[in-house]
Number of protein chains: 2
Amino acid sequence: MRISTKGRYALRLMLDLAIHNTGEYISLKDISARQGITVKYLEQIVTGLTRAGFLRSQRGNSGGYRLSRKPEDYTVGEILRAMEGSLEPIACLDDEVNLCPRSSECLTLPFWKGLSDVIRKYVDGTTLQDLVDTSEEAGADSYSI
Amino acid sequence: MRISTKGRYALRLMLDLAIHNTGEYISLKDISARQGITVKYLEQIVTGLTRAGFLRSQRGNSGGYRLSRKPEDYTVGEILRAMEGSLEPIACLDDEVNLCPRSSECLTLPFWKGLSDVIRKYVDGTTLQDLVDTSEEAGADSYSI
DNA sequence: CCAAACTCCTACTATACTGATAGGTAATGA
DNA sequence: TCATTACCTATCAGTATAGTAGGAGTTTGG
């Protein structure tokens, strides 16, 4: 039941861009310095986010990335799904294809559906802006992000 | 974010024993036939559950397993944790040891704690008896467990 | 009493996933 | 033009997953 580093780092990257959301492009080098994640690994993560349409990129000197929407228009759920593929606790819940032949008589399936629901409600009920807000509440000075 | 087969099968095994909770010992062979899981794999799963004190076992002819408590006295959470080790979405939340050096300034940590909370509330708020009840509501005949 | 029916224990294996690192190409701005 | 940046593909060690396999010890029904 673990979120991979890609999912966790993607969230930190997006949050970093949300906090430094000036309209300018932010380089991975800068994000790397702040987040302590290598540029090379960030590249892999950012690829997924750009392909999902979450980021705009600019090549060349003084290039980088910026958010393509406002922070309040991203849910944490969609960011995590872009990296993790699925947040469902069991494959049966992903789609019809993975539905197992026992599903109609499976006594544990309703439990898993319920778990899926509480997870989905939570992650899709939290926006990137919500995370920015909690950081400001806590006092921006104490954070080095 | 997937629950492993061990966790899923453990829940099915416990639920099978809860439904056939006559006081008699139930053999893995019987459970295997009902659940479609090999006896050899069930052995591995049942070992963890027995060590956790969830089951009583009886060796030899007409031996098997039975629940050591009443179905309403098991939470699904503790059953899953016995097999999965931890249900925390990130290692930082497991214990002090795994806490990363950035934790005090980590802007995403409160989010992960919140996710951990909704998961924990759900899985520890559901008992084995709850799963038995939903099966009875749905009509016992339609289920072959 | 003994053989069948069980649990119990340890080892092994193939496959996939994770968490990276590495090297090179293409675009851009000063 | 050249330093800086995004972009692309490949590789790799380590770990976890989802089992399979073979046997040893225990109990009881016949």
Side-chain angles (χ1 to χ4, degrees), chain A residues 1-13 17 24-33 35-68 80 83-87 89-92 94 98 100, chain B residues 1-13 17 24-33 35-52 54-66 68 80 83-87 89-92 94 98 100:
Chain A
M1 269 297 270
R2 285 279 158 87
I3 293 283
S4 70
T5 55
K6 294 214 174 168
R8 289 191 287 121
Y9 291 177
L11 191 56
R12 284 168 59 188
L13 188 154
L17 288 176
E24 307 252 297
Y25 288 97
I26 312 288
S27 70
L28 291 185
K29 195 181 160 193
D30 289 356
I31 299 173
S32 171
Q35 298 296 330
I37 305 167
T38 65
V39 169
K40 280 298 184 184
Y41 202 28
L42 282 175
E43 281 182 357
Q44 283 185 36
I45 291 155
V46 95
T47 297
L49 297 169
T50 305
R51 283 192 184 143
F54 296 165
L55 300 176
R56 294 295 166 80
S57 66
Q58 174 70 42
R59 286 179 154 204
N61 202 338
S62 78
Y65 300 88
R66 62 177 173 81
L67 299 183
S68 49
L80 294 179
M83 300 309 297
E84 302 276 318
S86 161
L87 296 180
I90 60 173
C92 306
D94 269 350
N98 289 320
C100 91
Chain B
M1 271 295 273
R2 286 277 158 86
I3 293 283
S4 71
T5 55
K6 291 213 176 170
R8 289 192 286 120
Y9 291 177
L11 191 56
R12 284 168 61 188
L13 187 154
L17 288 177
E24 307 252 298
Y25 288 96
I26 311 289
S27 71
L28 291 185
K29 195 182 161 193
D30 288 355
I31 299 172
S32 171
Q35 298 295 331
I37 306 166
T38 64
V39 169
K40 281 296 182 184
Y41 202 28
L42 282 175
E43 282 181 357
Q44 284 186 33
I45 290 154
V46 95
T47 298
L49 296 169
T50 305
R51 284 193 184 142
F54 295 166
L55 301 176
R56 295 294 165 79
S57 66
Q58 174 70 42
R59 287 181 151 203
N61 202 339
S62 78
Y65 300 87
R66 62 176 172 81
S68 50
L80 294 179
M83 300 309 296
E84 302 276 319
S86 161
L87 296 180
I90 60 174
C92 306
D94 268 351
N98 289 322
C100 91

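Naming convention: chains lettered A, B, ... in sequence-line order (proteins, then strands); numbering from 1 in each chain.
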K.L.:
Go through it in stages, so that I can follow the logic: the residues are Arg8(B) and Leu11(B), the test is side chain to side chain contact (heavy atoms under 4.5 Å, CB included), and I'd like the CA-CA distance, side-chain angles, deciding distance and then a yes or no.
P.N.:
CA-CA 5 Å; Arg8(B) 289 192 286 120; Leu11(B) 191 56; 5.9 Å; no
K.L.:
Counting N and O atoms only, with roles assigned by atom type, does the side chain of Arg12(B) sit under 3.5 Å from a partner on the main chain of Gln35(B), one being a donor and the other an acceptor?
P.N.:
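Checking the backbone N and O of Gln35(B) against the side chain of Arg12(B), a donor-acceptor pair under 3.5 Å is found.
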K.L.:
Using atom CG of Leu49(A) as one end and atom P of dA6(D) as the other, report the distance to the nearest whole Å.
P.N.:
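My rounded result for the distance is 14 Å.
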K.L.:
Take Arg2(A) and Asp94(B) through the test side chain to side chain contact (heavy atoms under 4.5 Å, CB included) and record every step on the way to the result.
P.N.:
CA-CA 11 Å; Arg2(A) 285 279 158 87; Asp94(B) 268 351; 2.3 Å; yes
K.L.:
Side chain of Gln44(B) only, please: which of dT20(D), dT28(D), dT5(D) is the nearest?
P.N.:
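Per side-chain heavy atoms of Gln44(B), the pick is dT20(D).
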K.L.:
What does the inter-axis angle of the helix from dC1(C)-dG30(D) to dA30(C)-dT1(D) come out as, five pairs per end, nearest 10 degrees?
P.N.:
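Axis-to-axis angle, ends of the helix: 10°.
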K.L.:
Would you say dA18(D) has OP1 or OP2 under 4.0 Å from some side-chain N or O of Lys6(B)?
P.N.:
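Negative; the distance criterion is not met.
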K.L.:
Nearest heavy atom decides the nucleotide; on that basis, is Glu43(A) or Gly60(A) closer to the 5' end of DNA chain C?
P.N.:
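In this pair, the answer is Glu43(A).
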K.L.:
Mind checking Thr38(B) for me? I need base, sugar-phosphate or nothing, with any heavy atom below 4.0 Å counting as a touch.
P.N.:
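Sugar-phosphate, no base atom in range.
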K.L.:
NZ of Lys29(A) versus C1' of dT4(D): gap in Å, rounded?
P.N.:
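Distance, rounded to whole Å: 8 Å.
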K.L.:
Nearest to the side chain of Arg59(B), which nucleotide is it out of dC7(D), dA10(D), dT27(D)?
P.N.:
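When the side chain of Arg59(B) is considered, dT27(D) is the closest of dC7(D), dA10(D), dT27(D).
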K.L.:
If the cut-off is 4.0 Å, is Ser57(A) near the phosphate of dC7(D), judged by side-chain N/O to OP1 or OP2?
P.N.:
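Yes, such a contact exists.
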K.L.:
Rounded to whole Å, how long is the line connecting atom CZ of Arg51(A) with atom P of dA6(D)?
P.N.:
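It works out to 16 Å between those atoms.
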K.L.:
Counting the atoms with a prime plus P, OP1 and OP2 as sugar-phosphate, which does Tyr65(B) contact under 4.0 Å by heavy atoms, base, sugar-phosphate, or nothing?
P.N.:
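Result for Tyr65(B) = sugar-phosphate.
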K.L.:
Mind checking the CD1-OG1 spacing from Ile45(A) to Thr50(A)? Nearest 0.5 Å is all I need.
P.N.:
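One finds 11.5 Å between CD1 of Ile45(A) and OG1 of Thr50(A).
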K.L.:
Can you measure Ile37(B) atom CD1 to dT20(D) atom C1' for me and round it to whole angstrom units?
P.N.:
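Spelled out: CD1 on Ile37(B) to C1' on dT20(D) is 15 Å.
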K.L.:
Would one find more than 12 heavy atoms of other residues, nucleotides or ligands at under 6.0 Å from atom CD of Glu43(B)?
P.N.:
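Above 12, so yes.
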K.L.:
Please give me the minimum heavy-atom distance between Lys6(B) and Gln44(B), naming the atom from each residue.
P.N.:
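The pair with the smallest heavy-atom distance is NZ-OE1, 3.0 Å.
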K.L.:
Tell me which of Asn61(B) and Tyr9(A) sits closer to the 5' end of DNA chain C, going by the nucleotide each one is nearest to.
P.N.:
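This one resolves to Asn61(B).
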K.L.:
I need the CZ-P distance between Arg56(A) and dC7(D), as an integer number of Å.
P.N.:
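Checked: the CZ to P distance equals 13 Å.
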K.L.:
Over how many whole Å does the gap from Leu17(A) atom CG to dA6(D) atom P extend?
P.N.:
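Going from CG in Leu17(A) over to P in dA6(D) covers 11 Å.
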K.L.:
With distance as the sole test, does Ser57(B) use its side chain to make a donor-acceptor pair with the main-chain N or O of Gly64(B) at under 3.5 Å?
P.N.:
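The answer is no, because no donor-acceptor pair under 3.5 Å joins these two groups.
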K.L.:
What's the verdict on side chain to side chain contact (heavy atoms under 4.5 Å, CB included) for Met1(B) and Ile3(A), showing C-alpha distance, side-chain angles and the deciding distance?
P.N.:
CA-CA 6 Å; Met1(B) 271 295 273; Ile3(A) 293 283; 3.2 Å; yes
K.L.:
Could you tell me which non-hydrogen atom of Ser68(A) sits nearest to which non-hydrogen atom of Leu55(A), and how far apart they are?
P.N.:
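What the structure gives for the nearest pair is OG-N, 3.6 Å.
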K.L.:
Kindly say whether, by distance alone, the side chain of Lys40(B) makes a donor-acceptor pair under 3.5 Å with the base of dG22(D)?
P.N.:
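Result: at least one qualifying N/O pair found.
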K.L.:
Quick one: Arg2(A) CZ to dT17(D) P, roughly how many Å, whole number?
P.N.:
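Roughly 10 Å, once rounded to whole Å.
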K.L.:
Are any non-hydrogen side-chain atoms of Tyr65(A) and Ile31(A) less than 4.5 angstrom apart?
P.N.:
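Counting from C-beta outward, Tyr65(A) and Ile31(A) never come under 4.5 Å.
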K.L.:
Which nucleotide of DNA chain C is the first, and which the last, in the 5' to 3' direction, to come under 4.0 Å of a heavy atom belonging to chain A?
P.N.:
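The protein-touched segment is dG19(C) to dG29(C).
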K.L.:
Let me know the distance between CG of Leu55(A) and P of dT5(D), rounded to the nearest Å.
P.N.:
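That distance rounds to 17 Å.
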